[in-house]
Structure formats: C-alpha cells, structure tokens
Amino acid sequence: MIPFEKNFYSESPSVRMMTEQDVALYRRKRNITVEGRDVPKPVRVFQETNFPDYCLQVIAECGFVEPTPIQSQGWPMALKGRDLIGIAETGSGKTLAYLLPALVHVLAQPPLMSGEGPIVLVLAPTRELAVQIQEEAVKFGLRSRVRSTCIYGGAPKGPQIRDLRRGVEIVIATPGRLIDMLEACHTNLRRVTYLVLDEADRMLDMGFEPQIRKIISQIRPDRQTLYWSATWPREVETLARQFLHNPYKVIIGSLELKANQSIMQIIEVVSENEKYPRLVKLLNEMMDGSRILIFLDTKKGCDQVTRQLRMDGWPALSIHGDKAQSERDWVLSQFKSGSSPIMTATDVAARGLDVKDIKCVINYDFPTSLEDYVHRIGRTGRAGAKGTAFTFFTHLNAKYARNLIKILQEAGQTVSPALATLARSTGAASGGFGGNFRSRGRGYGNRSLISGSNTIPIGGRKQW
DNA sequence: AAAAAAC
C-alpha cells in the first residue's frame, strides 16, 4: 500500500488568531453545529484556505464572494483528513465543499503510475447528478494535473474504459456501471483514499446499500470517507457509522427535516380530478420564459401528463428512468437551455440537479417521503435565489400532513386551514419521516392521473 | 400501487 498524508490543513494566521468566542459567534450566526473531537475553526474568506491559487481564481471567476456555511466549516474538516458527515440545505454549495479538498488531496499524493486506479471516488445516485459533479470537477481541475472522468450506465462503455485505462485521479460514478467496470478489471480501487457519498442517505437506502457495500469493501480501510446530504433521517445514522472512523459532523441549521427558507411553499389541497385543470391554471399564471419543473410519482404518470400537456399546446418534455440515456440527456439540455421550459420528472430529478432559473417546482403527486419533498422543492431557490413550490395534496396524502406542517412552520411558511384540517383528521403523527428506512405507508387507493374525458391513452401501452 | 442503479 502507498502511504498517504492525512492532514493537508494548516490554519492561516487570521484563522489562528480567532478566539474561541469568535468561533462560537461565527458558528452561531451562520447556524453551524459541529460534533467530533478536535474540530478545526471555520474559514471566513477564501484566502484562509490552502487551495491552489488557480482554484481561488476560478472561484473569483464564478463570482463567489465568500464561502457558504457548509464550505467554511466543511473545508477545514475535510482537509484534516478525517471522516465527515456534512448536512446542509439544498442549493448551499455542498459539491464544492468536497471537491476542492479532493483536489488538494490529489495534489499531495504521489503521481498515478500506469495501471493504477483513481485516488478520489465520488458516488452519486443518478447519472445526471454524476455528470453534473464531473462538470464541476473539470472546471476546477482544468489548470492542474488532476484528471477526472464520469462512469455511469446507459452510455457507451468504450470512452469510459479508455479514460480508466489511461488513468484518472478522480472518478465520479453511479454504482452499477462502476461495479461493472471493476468486475471487468478496467480499473481498481486500491489507490482510493478519499471516498465521497453524495446524497448519502439515498446511497445508503435499501436500493443502493448492497452495491455501496460491495464497492467500499474494495477500498482500503484507512481511507477518508465523506457523506453529504440535505436530509439525514435518524434511521441512517447507525448504518452510516459502520463505514466511518471518528467522524466530524457538521450540520447547517437543525437536523430536523428542513426546507430551504428562500422557497415559498404553497400546499394546495385538491382532489385527484382537480390536479390537471389546476396545473394548467398554474402554468398560465407562471409561464414567462423561466423554467418550471413538475414532479410525479410514476414514470407512467410522467408520460401521461406530458402527453396531455403537449396536446394542449404546452412545451413540455419528460425525464425518467425508462427513457434512453440519450433522450434523458437531450431533454435535460432542452430544459436547461430554455428551449423546452417545462419538464416533468420522476424522482430521478429530485436530488442534486442544479439548473439555473427554475422559477417554480410543482409537485403534481405528493412524494412518498418528506425527504423527497425537501429535495424536490430544492430544485428551485438555489444559491440564495427565490423560488416557489406548489404541491398538490389529496386526502390520500393525509398521513404526511402533520410532519409537512412542521416543515412549513420551520421554514416560516403559512399553513392553509385546509391542510391544518387534514392534519387534525389523522391520528398521532405517523407517516412521513424516514423515507425508505421505514415501512411504506399503506393504502394508496385508486389513482388515475387524469380523470374523465381528459384521459389520454398512450399508443400500444396498457395502462390503469 | 415508486424510483433509481449494469448488461
């Protein structure tokens, strides 16, 4: 094994001069909570970090003025070489919180020899998110010797194999294709010393955990492991700590499920039949060139609503996991460029995606967990911008009402009487928190997305 | 009676 230096952080003189009181005040003002032994002081300006000069230059070019709270505390922690759990709301700069320390980490290592695998591995739950992270890595790795590549399914293997065989310091991957590549010996994880789980609670849930276990088992145990998410259900903590040693924990705000405060959240209690007409009414009010993202719970629902919208003349496209990756890529690019300002999506688009100027998120269906609710609406209101989230809420979703109200109140939103009434109609607070980590709610009842004369069958496919 | 993630 190649030994690696674990502490890349030395406090700048200005950080060293901060008194404990200064630190406490700084953290209090920015809602930073820390746990762990020997927690380093936060950095207040970019110049207090020890990132390479060219990184600071890119930061300046991006127009960033000062580190976000998760960055100011996360950077020195990550640079210490210790494990880390970082929890901060959607749109608060988590990607750079782990990517820049990753660059420093790589630059401090002996160069890659031929046949060696990556030094940094970042795992993400969707292909689009992996690609987005890689774009960010390219932006900051460009002017150094740090190469990166993205390994994900649905795309041709050839170029990915070529990149891996040629050697890259940073690999950003979705689990399935990475395991595929490992089994085919196109790469190995023997040199990985910096492992990131983005959207960590999702990566540790039922669907992903076995794959994550398989991947982590191939990485040296003295690696540095970093978890990041906007949501952190209590149920994951025990599982998560199995893969961590003496971690720091940094939380921005509270550990309570918390939505981004700059998003106006509007819950509309409707019946199933009222959804589509209500959607059209909202689109008529909101359409002014900016982007609108509509979430549904099922792929079929996405197709149906998109088809109906297009028949009614709306420029809508749909993204979900049954579509070819080439179409997913195209739809997302059309949405990003504004050529198709309305996108319907399943939860494939719920986490992490950073599209500028999404003015409005509409939950056509209420999600199957409140964590997903927080992530979905977090596609708007990014980097301090304002956004609006409309959510259609039916009596079938009543079990979420109480905890949803908690989220609304915590984020300073008004609670409509209709929602309050629904909350009172349910017994003790039951449903909601915990997402995939507890048993799923029962009783969905019959649902058809578009009722009566509005139903549009999709050619050749059986439905309902 | 959900989605995602490899071929």
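Protein chains get the first letters and strands the later ones, always in sequence-line order, with residue 1 at the start of each. This structure is a prediction, so every number in the text was calculated from the model and none was measured.
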| query | Which part of the nucleic acid, if any, lies within contact of A/Gly153, taking any heavy atom under 4.0 Å across all strands shown: a base, the sugar-phosphate backbone alone, or nothing? | reply | sugar-phosphate
| request: Answer with base, sugar-phosphate or nothing: what part of the nucleic acid does A/Arg351 contact at a heavy-atom distance below 4.0 Å? | output: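 A/Arg351: no heavy atom of the nucleic acid under 4.0 Å.
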| request: Between B/dA5, B/dA4, B/dA2, spot the one nearest the side chain of A/Thr174, thanks. | output: B/dA5
It should be established whether [X] places a side-chain nitrogen or oxygen under 4.0 Å from OP1 or OP2 of nucleotide [N].
X: A/Lys300; N: B/dA2; result: no
X: A/Thr346; N: B/dA4; result: yes
X: A/Arg202; N: B/dA2; result: no
X: A/Arg127; N: B/dA5; result: yes
X: A/Thr126; N: B/dA5; result: no

Can you tell me the distance, in whole Å, between the [atom1] atom of [X] and the [atom2] atom of [N]?
X: A/Met203; N: B/dA3; atom1: CE; atom2: P; value: 19 Å
X: A/Leu197; N: B/dA5; atom1: CG; atom2: P; value: 16 Å
X: A/Leu178; N: B/dA4; atom1: CG; atom2: P; value: 20 Å

| request: Only counting residues at least two apart or in another chain, list the ones meeting side chain to side chain donor-acceptor pair (under 3.5 Å) with A/Asp357. | output: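 Applying side chain to side chain donor-acceptor pair (under 3.5 Å) to A/Asp357 gives none.
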| message | Please determine whether any donor N or O and acceptor N or O are separated by less than 3.5 Å between the side chain of A/Thr368 and the base of B/dA2. | response | yes
| field | Identified side chain to side chain contact (heavy atoms under 4.5 Å, CB included) partner of A/Lys275 from the options A/Asp365, A/Val280, A/Leu296, A/Ile362 | value | A/Asp365
| field | From A/Asp198 atom CG to A/Trp228 atom CH2, the distance as rounded to the nearest 0.5 Å | value | 9.5 Å
| task | Verify the distance criterion only: is there a donor paired with an acceptor across the side chains of A/Asp312 and A/Tyr276 at less than 3.5 Å? | result | yes
